[in-house]
Engineer: 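For reference, the structure I am asking about is given below.
Residue numbers run from 1 in the order of the sequence given.
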Amino acid sequence: QKKNKSVFRYHRLALMFLPQKERDLGFLEKFAELVEAYDILNDCKYSIPALLMLPLVLMNTATWDTQSCPFNFSIEKEDNLTTEFDGKKKRDPPIVRDLYLSLEELFYGCTKKIRISRRMLNEDGVTTCYRNRILVVDIQPGWKEGTRITFPEEGDQGPNNIPADIVFIVKEKLHPRFRREQNDLVYTTHIDLGKSLTGFSVEIETLDSRLLNIPINDIVHPNYAKIVTGEGMPLSKDPAQKGNLIIRFEILFPHRILAEKKQLIKQALLL
């Protein structure tokens, strides 16, 4: 097992220091040292004498074409994925980030501009530099938490990789008045016991700044909920249609009741 790890490490370093042009003298020297160390420490299955000749060949060559190179390195990673240095590029894994949005932003829809800094190839196709880029996310009305927005191949560029996709996942911010359940909005209000028995009205400011006045004429018990049709979140497939507003109640019981009031309650409720 130690031998396999050693093979993997020296192969990886050899790929890292493979010279691309004759002026990469530092890379040539490093590459030769790595091959020598590899030969000493391992009973190598690759042709080490041939590898030792590669820096000498490169010293007398203006450029090196990877496609015509007679050597083919293969690195087996710990996750059993294999990357071969044979002209093929590997795709970097996706870069996933959360995108937090308010209920108002998901109600109306909006545009988010996200600035990223990514490594990009220069004109020589080998060296890279960092450049800023703006990614524009068009949030549609009714999008739910978990919606994924993908920007293909917007990750770091490199000579031997396919850039990663950048993925944003919608997350809902906590709201001071509402909680979302699918396409419905849930509003919870606190009422005292007297109102739960005699009736009352609830005023609710909606996400689009309207003021609803909802009369409650029913007896409010602990599992009671008032449903107001069409006052929830827009449906993403048809924003003209909306879910419902669900009003739930928490009943506040008195800590104590005076004796005369208890008698009045008995007379009212036990007739």
Side-chain angles (χ1 to χ4, degrees), residues 77-84 87-188 204-210 212 227-248:
K77 297 186 177 180
E78 294 179 358
D79 58 1
N80 295 324
L81 296 177
T82 299
T83 301
E84 296 186 351
K88 294 181 180 179
K89 294 184 176 183
K90 69 168 185 176
R91 180 179 294 276
D92 291 339
I95 301 169
V96 181
R97 295 290 183 269
D98 292 336
L99 178 60
Y100 282 88
L101 301 169
S102 67
L103 284 182
E104 284 83 359
E105 289 172 326
L106 293 168
F107 183 88
Y108 285 108
C110 64
T111 298
K112 290 288 185 180
K113 295 183 179 180
I114 303 170
R115 180 179 176 180
I116 64 170
S117 179
R118 62 186 299 225
R119 194 170 67 240
M120 300 186 69
L121 284 170
N122 295 320
E123 292 183 359
D124 59 13
V126 177
T127 60
T128 60
C129 66
Y130 280 94
R131 298 175 187 170
N132 293 328
R133 177 169 171 76
I134 301 296
L135 301 180
V136 179
V137 184
D138 290 321
I139 308 300
Q140 300 301 310
W143 274 7
K144 297 177 182 176
E145 182 165 281
T147 300
R148 300 171 70 93
I149 308 101
T150 301
F151 291 86
E153 299 184 12
E154 287 288 352
D156 288 338
Q157 296 178 349
N160 298 316
N161 73 298
I162 299 174
D165 294 344
I166 295 181
V167 181
F168 294 102
I169 300 180
V170 170
K171 298 288 185 181
E172 293 176 359
K173 295 179 181 178
L174 292 177
H175 196 274
R177 299 192 306 280
F178 299 107
R179 180 170 54 84
R180 185 176 184 178
E181 292 182 356
Q182 297 298 321
N183 295 316
D184 297 332
L185 290 174
V186 178
Y187 179 87
T188 301
I204 303 173
E205 183 182 355
T206 63
L207 291 176
D208 53 357
S209 300
R210 291 177 295 114
L212 301 179
I227 297 177
V228 184
T229 305
E231 291 292 348
M233 294 293 291
L235 278 60
S236 58
K237 294 182 178 179
D238 183 8
Q241 302 294 320
K242 291 183 174 63
N244 298 325
L245 171 62
I246 301 173
I247 308 174
R248 292 179 179 158

Engineer: Considering non-hydrogen atoms only, spot the tightest contact between R177 and Y187 and give its length.
Structural biologist: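 In terms of heavy atoms, the two residues are closest at O-CD1, 3.6 Å.
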
Engineer: So how far is it from Q241 CD to N183 CG, rounded to the nearest 0.5 Å?
Structural biologist: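 With rounding to 0.5 Å, CD (Q241) is 11.0 Å from CG (N183).
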
Engineer: Looking at OG1 of T188 and CZ of R179, how far apart are the two atoms once the value is rounded to the nearest 0.5 Å?
Structural biologist: 6.5 Å

Engineer: For residues I166 and I114, determine if any side-chain heavy atom of one lies less than 4.5 Å from a side-chain heavy atom of the other.
Structural biologist: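 They are not in side-chain contact.
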
Engineer: Does the side chain of I204 reach to within under 4.5 Å of the side chain of V228, using non-hydrogen atoms?
Structural biologist: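 No. Closest side-chain heavy atoms not under 4.5 Å.
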
Engineer: Tell me, with the steps shown, if D138 and I149 meet side-chain contact (heavy atoms from CB on, under 4.5 Å).
Structural biologist: CA-CA 9 Å; D138 290 321; I149 308 101; over 6 Å; no

Engineer: Hey, does the side chain of R133 reach the backbone of R118 with a donor-acceptor pair shorter than 3.5 angstrom?
Structural biologist: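 The answer is no, because no donor-acceptor pair under 3.5 Å joins these two groups.
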
Engineer: Take atom CZ of R148 as the centre, draw a 6.0 Å sphere, and report whether it contains more than 12 heavy atoms from other residues, nucleotides or ligands.
Structural biologist: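 Atom CZ in R148 is not crowded, with 12 or fewer foreign heavy atoms closer than 6.0 Å.
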
Engineer: Do Y108 and D208 have side chains that get closer than 4.5 Å, going by heavy atoms?
Structural biologist: yes

Engineer: Measuring from atom OG1 of T147 to atom NZ of K171, what distance do you get when rounded to the nearest 0.5 angstrom?
Structural biologist: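 Spacing of OG1 (T147) from NZ (K171) equals 10.5 Å.
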
Engineer: Could you walk me through whether K144 and R180 pass the side-chain contact (heavy atoms from CB on, under 4.5 Å) check?
Structural biologist: CA-CA 9 Å; K144 297 177 182 176; R180 185 176 184 178; 3.3 Å; yes

Engineer: Would you confirm whether D156, through its side chain, and R119, through its main-chain N or O, come within 3.5 Å as a donor-acceptor pair?
Structural biologist: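 Yes; judged by distance alone, with no hydrogens or angles, the pair exists.
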
Engineer: Of all heavy-atom pairs between P94 and A164, which one has the smallest distance, and what is that distance?
Structural biologist: CA-CB, 4.3 Å

Engineer: Does anything in residues 229-248 form a salt bridge (charged side-chain N to carboxylate O under 4.0 Å, His left out)? List the pairs, not counting sequence neighbours.
Structural biologist: E181-R248, R210-E231

Engineer: Identify the two heavy atoms, one from Y130 and one from S117, that lie closest to each other, and give their separation to 0.1 Å.
Structural biologist: CD2-OG, 3.8 Å

Engineer: Count the heavy atoms of every other residue, nucleotide or ligand shown that sit under 6.0 Å from CD1 of I134, and state whether that count exceeds 12.
Structural biologist: yes

Engineer: Answer whether the closest heavy-atom distance between the side chains of N132 and R115 falls below 4.5 Å.
Structural biologist: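 Answer yes - side chains close enough.
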
Engineer: Regarding E105 and K112, does a basic nitrogen lie under 4.0 Å from an acidic carboxylate oxygen?
Structural biologist: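 Yes.
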
Engineer: With side chains defined as the heavy atoms from C-beta onward, is the minimum distance between R97 and I169 less than 4.5 Å?
Structural biologist: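 Contact flag for R97/I169 side chains = no.
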
Engineer: Once rounded to the nearest 0.5 Å, what's the spacing between atom CG of D92 and atom CD of E153?
Structural biologist: 10.0 Å

Engineer: In sequence, state the C-alpha distance, the side-chain angles, and the governing distance for T127 and N122, and then conclude on side-chain hydrogen bond (donor to acceptor under 3.5 Å, both in side chains).
Structural biologist: CA-CA 6 Å; T127 60; N122 295 320; 2.9 Å; yes

Engineer: Does any N or O in the side chain of N161 come within less than 3.5 Å of the main-chain N or O of R91, such that one atom is a donor and the other an acceptor?
Structural biologist: no

Engineer: Please walk me through it: do F168 and L135 pass side-chain contact (heavy atoms from CB on, under 4.5 Å)?
Structural biologist: CA-CA 11 Å; F168 294 102; L135 301 180; 4.0 Å; yes

Engineer: Can you give me the closest heavy-atom contact between Q157 and L121, atom names plus distance?
Structural biologist: OE1-N, 2.9 Å

Engineer: May I ask you to test the M233-L207 pair for a side-chain heavy-atom distance under 4.5 Å?
Structural biologist: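 They are in contact (side-chain heavy atoms under 4.5 Å apart), so the answer is yes.
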
Engineer: Minimum heavy-atom separation for P141 and P239, please, with both atom names.
Structural biologist: CB-CB, 4.3 Å

Engineer: With a 3.5 Å distance limit and no angle check, can you tell me whether N244 reaches the backbone of G230 through a side-chain donor-acceptor pair?
Structural biologist: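 Indeed, once roles are kept as given, a pair shorter than 3.5 Å links the two residues.
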
Engineer: Roughly how far, to the nearest 0.5 Å, is the CG atom of L212 from the OG1 atom of T206?
Structural biologist: 5.5 Å

Engineer: Quick check for you: to the nearest 0.5 Å, what is the distance between T150 atom OG1 and I95 atom CD1?
Structural biologist: 12.0 Å

